[in-house]
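Here the structure is a predicted model, which means the values were calculated and not measured. Letters A, B, ... mirror the listed sequences (proteins, then strands); counts begin at 1.
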Amino acid sequence: MTGGPRRRARSFSRLTPYLFIAPAVILFSIFTIYPIIASFLLSFQTRQAGSYVFAGLANYARLISDDYFLTALLNNFTILAIQVPVQLVLALLIAVGLNSALVRFKGAFRVAYFMPAITALVAYSVVFVILLNTDFGLVNYFLHSILKLPKIDWLANPFWAKVGLMMAITWRWTGYNMVIMLAGLQQISGELYEAANIDGAGTVQRFFRITVPMLKPIILFAFILSTIGTLQLFDEPYILTKGGPNNATLTAALYIYRQGFQYFDFGYASAISYVLVAIIAVLSWFQLKIGGADSD
Amino acid sequence: MIERKNLIARILLFAGLIAGAFLSLAPFYWMFIAATHSTGEIFALPPNLLPGKHLLSNLANLQAEVGLARVVFNSTILAVVYTIVTVFLSAMAGYAFAKFQFRGRDAIFFGVLITIMVPYQATLIPLFSTMAKLGWINTYKAVLTPNLANAFGIFLMRQNMQAVPTEMIEAGRIDGCSEFGTFMRIVLPSMRPALAALAIYMFMFQWNNFMWPLVVLNDPKMYTIPVALSSLIGLSRIDYGQLMLGASVSTLPIMAVFLILQRQFISGILSGSVKG
Amino acid sequence: MRKTSRFVIWSLVVLTLLAGFSGIAGAGPNKAVAGKGLVKGEITVWGWNIAASGLKDTVASFNKKYPDVKVNVVDIGRLDLYDKVTTALAAGVVLPDVIQIESDHMAVYTEQFPNGFYDLTAVASKYVKDFDPSKWAQSRVGGKIRSIPWDSGPTGLFYRADYFAQAGINPDEIKTWDDMVEAGKKIEKTFGDKVKLLNIDWTGDDALYRMMMNQAGAFYFNEKGEVALGSDTSIKIARIIKSLKPYSFNTAGSWDTTVTATKNGAVASIPFGVWYSGTIMDQAPELKGKWRVMLLPALTGGGNRASNLGGSTLVIPATAKNPEAAWRFVENALATTQGQMVMLKKWGLFPSYLPTYEDSFFREKQEFFGNQPIFAIFAGEVKDIPAVNYTGDFSKAHQYVINALTQLLTQDADPEAVMRKAAKDVAAATGRKLAAR
């Protein structure tokens, strides 16, 4: 009350920050936190004759011996192990290329690469289902009629369905990650590269000695985003392959949808969801630990 | 020698980038071309890669089937309103999280962030029954409110707001601005790139949002583009020319928004991902 | 900090308590349509595609009888409709007054939401004798009528008369599925790789399996609700399907592939429900006069050749605002010859309402099918379709069977091993008993 101007400038009503976050936090509590808690409680319940009864950990216990769930998780991790690194490396290479002084039309390229990420799911799905059609699709037409290669069962062969799925995801998200990395590259000071040039470092050395280390926080950010996205992967398998053939592209999120919306086992679906949340949390924590340990 | 090597590198790099851009854009080209063909022509072999003659008839069919003008209008209004409100709420919350010390700050912020990990399939039903209890089913309120407070938006704004110099805020206070006035007149204007980046994200999100509008909207007159397009995909008799035209229409506005705002977009993402 | 943590914890506790009272709706009381109330106001009807179009065309005759009811028929895509209905039923929320549900999905819904739909027993009992008896097995749950059968899907083998003639196949000599294998060889000899005898979905659906099981009066589950995938019949059918594989065109879960293969002449025959006749006429008008229809071959010489694939019902959700008017609408559309004939003639929706079969339309020769009276063939088959038990676990079991067939057809798995395994897995996933073989 008696402070001078300096003190007055620093102080703010204790209520102020709460007022600033209030609208968001209230909406968030009602429409995000509350449904999450409700569905979490549901994971301890099971349906009997149309009503829900408490079932303890039965839903969670059931998960352990559920082959389909384990297959789905394995698929998620396969995609995580193969598609995510490929996508991030591609994104990084394109970003470095676009950042190089040698290239013109940067704006046009940026837009071209980012375009797939902004396409509506419905449009994307219809286009890819037709393009990848085994007998009448454009992709096989080029492989078979023009390059004289055998036709590939893109969506119906267990191996190729996985490949096709990963191709589609890569198509959709590489540009998105590229833009994130490009933003990071523009932060790296040119002086670092000049110094390296004087030391006689080649392109490859500069890439590994300067670009990659300087970009580490950004790569980590993109990696965590991609990890969460991959573990929650739903759109592509739902539309392109319906999880088939023979569960080759079944993912955990698709399995949650099936258990809930096709088999009406919402309790079990919730249990799967929270196991998935736990896995994502643990993975993200490890990624931060490993990635963050020697930065800063 | 160096010149020559440089030239080769340049050509190779350029060729690689062109090839990648071609792969990125080819499906769009095909989609736009398919929008001018009939279903039979779309499935024909060898494929039709040049514009056909059915654009106008596809357009007429699409208008008759889903009321194209109407759903485009609905989508636009929803996406614009959503974008404005969300960006504003996110900026307010992000500002408080970045620039104020207060009890529970980190706990609440962390609580907001961690919800990103929950798959939406899990919360769809409880959210829907909340809407039902509020009596909001089949209203635009129900489409908009669940994601108005957006974890990603709050995160992005908090990261960006940390760059706002504290002196600037204090100057505002000394000048006698209210806290809210300071935020409106001093903080927000300095945040334009970040706001633009978030606006693109949020516009994209709402424009393409499918599952939620599908379950809460029952009246076809209120449908958004993705929901209307999806209603064209039934068990039999899909008119692909019409569908491709609808898909093209759903893509063009986003392309335009991105083209206009792309510079700000990149610098906005930048500060979101680096700091913190 | 401690104060805030306490605040956060308490908020969570309150939210949790609130959440405990919400989420998913319980069973609710059984509601029945009395058929006595005033019929006026407004009703909303959900269906998809041609079914919605068909219902729209019955509104005129309905409004002649009940001029005070305004009817809104809304066309919602099939998968979208199920997502919306499931969400709403689970949350116990108001749905429209009438909804289309496929017959095979009925038990899935009624088992999980026992009182989710109006009990129509009181008003619909008088019509029981008028509908395809095999359809009631899906519409009646625990002795109560929860839905009214709409269209039936009596099956047949659509075939290209010109291809068969070229390959020297006499369609009258195809009596069993084994005869089909022989026909497949002839087609292969004549056309090489260009034309296959029939379409089979190797990886995306089990339509052929279901049709054959239905012929044998069997299904995933027996009449006691036990898992019957490992039965001798089931294994035999898996064997037949595997023997047909070399002569089949794989449609891989894609409807468009099926239609395009039909149009492009990549298949010489298509085993499907009557509803496919409309698709052929619609999508391939240039093939007029080339197609014919016969009943599906039997599993054994002289065996049953009738079965059903597909078909829908109409339900009135328990949350409907205007159930009396809804019932009158359903009655007019489905339980009158006039309503059903409109939908058949214009949209090819094949009625399960038996009195319609007396209509002269059924005896008409169809020019497209070389002047065969194809609807008479399908109508004649209906009385022989065995009723089977779909159960509330249809959707779950469906996925296991599709996967079993995928292994059978793409990984050269042994029919017996694969069906036995599927039976065991379904029993485990559903908590049902394995049927004795």
Of Leu198(C), Val267(C), Leu197(C), the one forming a side chain to side chain contact (heavy atoms under 4.5 Å, CB included) with Ile187(C) is Leu197(C)

Quick check, are the ring centers of Tyr82(C) and Trp48(C) under 6.0 angstrom apart? yes

Do we see a donor-acceptor contact under 3.5 Å between the side chains of Asp66(A) and Tyr268(A)? yes

The interface call for Tyr109(C) against chain A, heavy-atom contacts under 4.5 Å, is both

Between Asn133(A) and chain C, with a heavy-atom cut-off of 4.5 Å, which part of the residue counts as in contact: side chain, backbone, both or neither? side chain

Phe40(A) versus chain C, the contacting section by heavy-atom distance below 4.5 Å: neither

Is Gln399(C) close to chain A through its backbone or its side chain, or both, or neither, when contacts mean heavy atoms under 4.5 Å? both

Ignoring hydrogens and angles, state whether a donor on the side chain of Ser312(C) or Gln100(C) is under 3.5 Å from an acceptor on the partner side chain. yes

Taking the six-membered ring for Trp, are Tyr124(A) and Trp171(A) parallel (under 30°), tilted (30 to 60°) or perpendicular (over 60°)? parallel

Applying a strict 4.5 Å limit to non-hydrogen atoms, the region of Tyr238(A) in contact with chain C is side chain

Counting only non-hydrogen atoms closer than 4.5 Å, does Phe264(A) touch chain C with its backbone (N, CA, C, O), its side chain (CB onward), both, or neither? both

Would the number of heavy atoms belonging to other residues, nucleotides or ligands and lying under 6.0 Å from NZ of Lys263(C) be above 12? yes

Check step by step if side-chain hydrogen bond (donor to acceptor under 3.5 Å, both in side chains) holds for Tyr257(A) and Asp83(C). CA-CA 10 Å; Tyr257(A) 171 82; Asp83(C) 281 342; 2.6 Å; yes

Between Phe394(C) and chain A, with a heavy-atom cut-off of 4.5 Å, which part of the residue counts as in contact: side chain, backbone, both or neither? neither

Given that the side chain runs from C-beta out, which part of Pro158(A) has a heavy atom under 4.5 Å from chain C: side chain, backbone, both or neither? side chain

Please classify the contact of Ala429(C) with chain A as side chain, backbone, both or neither, using a heavy-atom distance under 4.5 Å. backbone

Heavy-atom contact with chain A under 4.5 Å, split by part of Asn250(C): both

